[in-house]
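The sequence lines fix the lettering, A, B, ..., with proteins before strands; numbering per chain opens at 1.
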2 protein chains.
Amino acid sequence: MTTRIQKRNRKRILDAALEVFAAQGFRGATLDQIAAEAGLSKPNLLYYFDSKEAIHRLLMEDLLASWLEPLRAIEPAGDPRAEIMGYMRRKLQMSREFPRESRLFANEILQGAPRLEDFIARDLKALVDDRAALIARWSAEGRLAAVDPYHLIFSIWALTQHYADFDAQIRLIREGSDPLEGAEPFLERLFERLLAP
Amino acid sequence: MTTRIQKRNRKRILDAALEVFAAQGFRGATLDQIAAEAGLSKPNLLYYFDSKEAIHRLLMEDLLASWLEPLRAIEPAGDPRAEIMGYMRRKLQMSREFPRESRLFANEILQGAPRLEDFIARDLKALVDDRAALIARWSAEGRLAAVDPYHLIFSIWALTQHYADFDAQIRLIREGSDPLEGAEPFLERLFERLLAP
DNA sequence: GTCTATATACAGATAGAC
DNA sequence: GTCTATCTGTATATAGAC
């Protein structure tokens, strides 16, 4: 059975691991760092999880489950521009709420996506292909500007995730003020202008 | 004196190190990987450079010297939209020609920019502030749409660097075809529409 | 469940032969 | 200049006391 203490400690460890893996990547992260961040000893940490890899794998599974949702939520029956703007807003909200998850993902891709190949080539690709086809239909019907649907999706990823992934840089340039301040109106305007037929 | 063999080996090492640091980050990279990639033994590698950190530092210095140039090349006397489109094109060209340098930079920022704090807070910030002021003037004169100049600069970074930094993901989604195929016309159109007064 | 102590592997770096 | 051998520190993981 699982006690309340066990649940709390597992959560603490995963939270600390997310912090460290997101900043250092899998190889760069150490159990010492994670244990210190979680406020536990290293052997105690390995009492809750079998290995460093087991912790990372669990974090990745949690991440991937949530990663597809915003794109999946685009409704074929909805208004084209409203649907795409809604997608952009959800992605921006994720950068605001889950910046560490975004950096964890970015780190994996930067490393050549060794642990994500299957997910991307299968699940993500299938969903992107489907949504790209939908966007192409909308464009053909004249309800949307005729833009390359793949680059449109990439541009939403790039522009929204940038605020989480390059947070350190933006903070140093805009000393003090919230990195996301003004981002939403800027992106609203950018995509409104891009998508107008 | 420096022989031809020394020059060639130093270049090989730096090239291999760029590859490995860009993919694994500083902590994640190992001298074994770099030595293998360079086709040299590990002690031989340390005959040419004092330490792992010395190699990384040299790579960073080379990178930073070239990192400011495109933004600096924006001409206050030029045509506003042409200058900004030119900046975007130069940045996209850098993602095409120097994707590893882009990933090296991304890795540093993801790690919280510990080795880049001074560069960003001083050199980069000063240049960005200057160019942001220029863009704000252009907007005030009605020669450019009234967009937030900082977010405009961030959007150019995000959209162009994404093709280098997330190359692995894009390749898996667009199996086979060049990740940058179609990127330039897409971005031209996006920024033309965004910047029209 | 949590600790100290430790086994084992691998990392960065050096010594010294050639 | 380049190698083999090795020193030293640190990493993951385990053993076993409490």
Side-chain angles (χ1 to χ4, degrees), chain A residues 1-62 104 107-108 110-112 114-115, chain B residues 1-62 104 107-108 110-112 114-115:
Chain A
M1 73 159 206
T2 311
T3 68
R4 277 185 302 280
I5 286 188
Q6 279 178 323
K7 273 182 102 169
R8 195 202 55 182
N9 278 349
R10 283 178 65 91
K11 196 161 163 35
R12 272 195 195 173
I13 293 167
L14 288 173
D15 193 66
L18 175 57
E19 192 80 29
V20 177
F21 282 133
Q24 307 281 356
F26 180 75
R27 282 187 51 82
T30 72
L31 291 182
D32 278 305
Q33 291 174 295
I34 298 172
E37 182 84 22
L40 297 170
S41 70
K42 192 162 52 166
N44 199 7
L45 190 146
L46 287 163
Y47 166 80
Y48 286 98
F49 293 93
D50 285 345
S51 65
K52 177 183 177 180
E53 216 193 299
I55 302 175
H56 189 267
R57 191 165 37 238
L58 192 55
L59 282 177
M60 292 306 296
E61 284 165 13
D62 289 353
L104 180 65
N107 236 310
E108 288 293 311
L110 268 178
Q111 286 163 33
R115 284 168 286 262
Chain B
M1 74 156 209
T2 311
T3 68
R4 276 185 303 281
I5 286 189
Q6 279 178 323
K7 272 181 102 168
R8 196 203 54 186
N9 278 349
R10 284 178 64 91
K11 197 162 161 36
R12 272 195 195 173
I13 292 167
L14 288 173
D15 192 66
L18 175 58
E19 192 81 28
V20 177
F21 282 132
Q24 307 280 356
F26 180 76
R27 282 185 51 84
T30 71
L31 292 181
D32 279 305
Q33 290 174 296
I34 297 172
E37 182 85 21
L40 297 171
S41 70
K42 193 162 52 165
N44 199 8
L45 190 145
L46 287 164
Y47 166 79
Y48 287 98
F49 293 92
D50 285 344
S51 64
K52 177 183 178 180
E53 216 193 300
I55 302 175
H56 189 266
R57 190 164 39 236
L58 193 54
L59 283 176
M60 293 305 296
E61 282 165 14
D62 290 352
L104 180 65
N107 236 310
E108 288 293 311
L110 268 178
Q111 286 163 34
R115 283 168 287 262

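Among residue pairs with one or both ends in residues 14-29 of chain B, those qualifying as side-chain hydrogen bond (donor to acceptor under 3.5 Å, both in side chains) are B:Asp15-B:Arg100, B:Glu19-B:Arg100; sequence neighbours excluded.
The salt bridge (Lys or Arg N to Asp or Glu O under 4.0 Å) search around A:Arg12 returns none, not counting sequence neighbours. Taking the ring-ring contact (aromatic ring centres under 6.0 Å, His included) definition, one finds that B:Phe26 meets it with B:Phe21, B:His56, sequence neighbours left out. Looking at residues two or more places apart in sequence or on another chain, you find a side-chain contact (heavy atoms from CB on, under 4.5 Å) between B:Leu46 and B:Leu31. Residues passing the salt bridge (Lys or Arg N to Asp or Glu O under 4.0 Å) test with B:Arg115 are B:Glu108, sequence neighbours excluded. Here A:Asp50 pairs with nothing under the salt bridge (Lys or Arg N to Asp or Glu O under 4.0 Å) rule; sequence neighbours left out.
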Expected list for residues 33-43 of chain B: side-chain donor-acceptor pairs under 3.5 angstrom, two or more places apart:
residue : atom : partner : partner atom : Å
B:Gln33 : OE1  : B:Thr30 : N            : 3.0
B:Gln33 : OE1  : B:Thr30 : OG1          : 3.3
B:Ser41 : OG   : B:Asn44 : N            : 3.2
B:Lys42 : NZ   : B:Asp32 : OD2          : 3.4

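Residues from residues 40-54 of chain A placing a heavy atom under 4.0 Å of any atom in DNA chain D, listed by number, are A:Lys42, A:Pro43, A:Leu46, A:Ser51, A:Lys52. Interface residues of residues 9-31 of chain A facing DNA chain D, ordered by number: A:Ala29, A:Thr30, A:Leu31; criterion, heavy-atom separation under 4.0 Å.
Between the P atom of D:dT10 and the CD atom of A:Gln33 lies a distance of 13 Å, rounded to the nearest Å.
Where B:Ile5 and A:Asp32 each meet DNA chain D at their nearest nucleotide, the meeting point lying more 5' is that of B:Ile5.
Note that CG of B:Asn9 is 4.0 Å distant from OH of B:Tyr48, once rounded to the nearest 0.5 Å.
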